[in-house]
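Input: a single structure, listed below in C-alpha cells.
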Amino acid sequence: MPIRRLPPTLVNKIAAGEVVERPASVVKELVENSLDAGASRIDVSVERGGLDLVRVADNGCGIPAEELELAVAPHATSKIAEEDDLFCIQTLGFRGEALASIASVSQLTLRSRTPQAEHGAMIEVHGGQVGPVAPCGCPVGTIVEVRNLFFNTPVRRKFLRSVQTELGHVTEALVRIALAAPEVHFTLQHGERVLLELPADGDRLERIARCCGRDLADALLYVESREPGLELVGYVSHPNYSRPNNRLQYLFLNGRYIRDRSLQHALGEAYRGLLTVGRFPAAFLFLQVSPETVDVNVHPTKLEVRFQDSGRVYSQVLSALRAKFLSTDMTARVQTTADPSGVMDAQKAAEHRLQVAAWAKGQIAQQAVGPVGAGVAGEADAPPWETDDAASAFPTGGPSPTGMISSDAVFSRAETTRAPSGPMELGTPDQRSSPAGVDRFESGPSQPEGRQPALQTPSPPVRRPTAVQMHHRYLVAETEEGVMIFDQHALHESILYEELRERFRQGRLESQRLLTPEPVDLSPSEAAIVLEHRPVLERLGLVLEPFGGGTVVVLGCPEIGGRVRPAEVVSAVVEKLLQSGRAPDQQELVDELLHTLACRAAVKAGDPLRPEEIEALLARRHAATQAHHCPHGRPTAIVLTRQELDRQFKRT
C-alpha cells in the first residue's frame, strides 16, 4: 500500500479524536481559551447536554477580525512563538489545535470583538469547511457556538451517553476550571435552567461550597506550605468526613486541573491510620511551581504533567498535610444532623457521653439481675429519652439515641416492667433480703410445731428475657443445643432486606413524601448518574428532582423507618452506582440498592437495645427464609453447643 499524505480534513478529525471526546471536552477547551484571553466573566450554555449546542461567551480581549480565519486553522496560536516557549508554559492552552479540531466535527460559529474595534466580526466553519469573515454586532469579547457535535462522524456520536450523563460531565468540566479561578464569574445554563451561578468573590472556600456543597466546605481544614519555587495552599477534609471514592480530590498546578498518581499517593499516605480501608478524603490542593520545572506537554488534553523534581513535590504535600494533622484535634466526634461534619463542640460532646454512660450503667445492672429473678430493691434508671429531662437530653423529633427505627413496627416503645437494678446478691433465697428490707420469713424464735411460717406477699416474678445484649452488638440466647450468639446488625439487615425485596416484588415499596423537600449536595458527576437512574429509584420509593448544579432535591423516601435520613439514602445510592464503574442492569441495580437500604436502616453495632426490642428482633427472625446470612454474606448467628461448652470446661 503506497504512502500518501492525509487530507487536512482527515488530519483534523484525527486530532479531534484526541482532543474532543464529548461535549465536556468542548466546554473545557473553550473556557480555557476564555481564561487565557483575560476574561472576568464566562457564560456557558448547553442544550441536550451539549449534544445540540455548546455556547461559551466571555468578556476577554477578543480576536481581531483579520485573525479570525487563522484562529480556526490547525496549530495556530498566540500563546507560544518558539521552541523554548514550550518549556515555560504560563497559559492553559498553547497547542493551537482546539478550535480547528472542534470545527472539523461540528458546525462552529465564532464571533469576536476587540475593545478598539467599532463592531465585531464572525466566521462559520461547518465540518471543517471554513466560510468567509463577515461583520456582526457583538459585545467586547468572544462568543463561540458549537452545534450538532459529531454530526459528520456518527460512529463517534453513538458512543455518547444519555443527555443527563453528558450534562454531568459538562458540569464537572466547568467546576474543575471554576475551582481554580475564584476571581472569575462563571455561569452554566442548560436550556432555560441555570445550573451554576458562581460570583467572582476570590474566596476559594466559598467557591468550593458553591460547587460541592456547604457541608463539605464546613468539614475542610486549611493547608499551607511555602518554599522557594514551590507553594502549596488548599483544603483537605477532616478525617471524620470521608468518601467511598476519590472523586472529590481536586489537584491544581499553576491553575490547571491535573491528575497525578504520585500526588494522590501522598494524599493517601497522609491519611494513613486516620481513615478506614476503602474510604477516601476530599481535597482541593493548589500548587504553584516555576513553569520551567514542569512539562505540561505530555498529554493531548493536558491532564497529566511531568515534574522535574517529583520527589520534592511529593514530600512537600505529604509533610504539609501531616503537619496540619499533628496540630489539629483529630478526635472523632459524634455526628448529628445539625453538625454534618461530625466536629461537635467539646463541651456538648462531653455532656452527651455522661448522659449515655449514666444510662448504660443502669442497663448493665438491669441485664445482670433480670435472669436471676431475685427481688432486690430499686428500679433501673430509665434512659434519658424516657425521663422528664428527655427534651433537654435529645431534641424533640430527632432520632432516638439507640438509633432504632421509630416508625417501623419492628420494635415497640411501649413501657414494660423493668428488672430491679442494683448489685446482685449471692446466696440462698433465705439469705437474700426482700423488697423494702423485709425478710421473706418471719424473724424471731422457732415457731410452734404445726404452724407454718407467715410468708410475705411474694413479688411478681421477673420474666426471663429471650436474650441479653453483650457489648451493644451481640445478642446471646439459650437454646436446646447450647448458646446462640447473634450479630444484631447482620440479623436485622437480613430481615429488612427480605421484607423490602418482597414489598418491591409485589409493587408496594411505598414512598413517604417529605413535608419539606430536602436538598442534597453532590458532585456534578454524582448528580448526573443519580438523575439518569431516576425511574428505577422512584420504583424503590426514592423520588428526586434536579435543583441546579450538583444539587438534587429529595421529595420522597422509601418507607423503611425513621432511622435513615434522606441525605443518607441518596449518599448510599450514589456509592453503589459509582462503585462498579459501569452501568449495571436494572435487576442488579435494584438488588444492590435494596441491600444498601436494608444496611442503612438496620441497627448498628454499638446501638443499645431494650429487652422488648431484642425479643421483637428475634421473633421476626423466624419469618425470614435467609436469616442465617446478611445480604453481604456474613453469618447472622453462631451456635456454641453444650458439648463444646462442657469440653471447654473440662467436663468431658
Side-chain angles (χ1 to χ4, degrees), residues 8 12 15-16 19-20 23-47 50 52-81 85 89-149 170 173-174 177-178 181 183-189 200 255 302:
N12 288 338
V19 177
V20 185
S25 308
V26 175
V27 171
K28 172 185 178 294
E29 297 293 342
L30 297 182
V31 172
E32 286 182 347
N33 281 344
S34 296
L35 288 176
D36 287 340
S40 61
R41 180 184 178 106
I42 302 174
D43 299 301
V44 180
S45 303
V46 297
E47 293 182 5
D52 289 353
L53 171 68
V54 172
R55 184 179 187 271
V56 177
D58 66 62
N59 61 352
C61 63
I63 304 173
E66 60 273 14
E67 295 182 5
L68 281 183
E69 188 172 353
L70 192 59
V72 296
H75 305 295
T77 180
S78 61
K79 301 168 187 178
I80 60 173
D85 293 341
I89 299 295
Q90 302 188 44
T91 54
L92 296 176
F94 56 89
R95 290 171 173 264
E97 59 184 338
L99 283 177
S101 298
I102 294 170
S104 68
V105 291
S106 68
Q107 298 168 348
L108 181 143
T109 301
L110 173 62
R111 298 180 179 88
S112 192
R113 176 186 170 190
T114 62
Q116 299 79 19
E118 295 181 357
H119 55 77
M122 64 175 292
I123 189 171
E124 295 183 347
V125 187
H126 286 190
Q129 300 299 318
V130 182
V133 177
C136 71
C138 70
V140 173
T142 302
I143 303 172
V144 182
E145 294 181 353
V146 178
R147 299 183 182 274
N148 301 323
L149 186 63
V170 166
L174 187 61
I177 298 174
E183 70 283 355
V184 178
H185 187 142
F186 292 91
T187 65
L188 173 62
Q189 184 171 329
K302 304 179 287 290

Next on the checklist: To the nearest 0.5 Å, what is the distance between OG on S104 and CD on Q129?
Outcome noted: 11.0 Å
Checklist entry - Where is the tightest heavy-atom contact between N148 and Q107, given as atom of each residue plus distance? => result ND2-OE1, 3.0 Å
Checklist entry - Once you round to the nearest 0.5 Å, how far does OG1 of T142 lie from CE of M122? => result 13.5 Å
Item to check | Non-hydrogen side-chain atoms of N59 and V140 separated by less than 4.5 Å | outcome: no
Item to check | Rounded distance (nearest 0.5 Å) linking atom OG1 of T91 with atom CG of L35 | outcome: 11.0 Å
Checklist entry - Closest approach of A39 and V184, non-hydrogen atoms and distance? => result O-CG2, 3.7 Å
Checklist outcome for this item: Between P64 and T114, the two heavy atoms sitting closest are N-CG2, 3.7 Å
Item to check | Side-chain ion pair, E47 and R55, N-O less than 4.0 Å | outcome: no
Checklist entry - When rounded to the nearest 0.5 angstrom, what distance separates CG in D36 from CG in L92? => result 4.5 Å
Item to check | 4.5 Å side-chain heavy-atom contact, R41 and T187 | outcome: yes
Next on the checklist: Treating S112 as the side-chain partner and G141 as the backbone partner, does any N or O pair qualify as donor plus acceptor under 3.5 Å?
Outcome noted: yes
Next on the checklist: Looking at every heavy atom in both S106 and I102, which two are closest together, and how far apart are they?
Outcome noted: OG-O, 2.7 Å
Item to check | side chain to side chain contact (heavy atoms under 4.5 Å, CB included) between V54 and L149, worked out | outcome: CA-CA 9 Å; V54 172; L149 186 63; over 6 Å; no
Checklist outcome for this item: Value for CZ (R113) from CD1 (I63), rounded to nearest 0.5 Å, stands at 14.5 Å
Checklist outcome for this item: Looking only at heavy atoms, the pair that brings P135 and H119 closest together is CB-CE1, 3.8 Å
Next on the checklist: How close do I177 and E32 get, counting heavy atoms only, and between which atoms?
Outcome noted: CD1-CG, 4.1 Å
Checklist entry - Just how far is it from atom CD1 of I123 to atom CG of L99, taken to the nearest 0.5 Å? => result 10.5 Å
Checklist entry - With distance as the sole test, does D58 use its side chain to make a donor-acceptor pair with the main-chain N or O of V31 at under 3.5 Å? => result no
Checklist entry - What do you reckon, is CD of Q189 surrounded by more than 12 foreign heavy atoms closer than 6.0 Å? => result yes
Next on the checklist: A side-chain contact here means heavy atoms from C-beta on lying under 4.5 Å apart; do V56 and N33 qualify?
Outcome noted: no
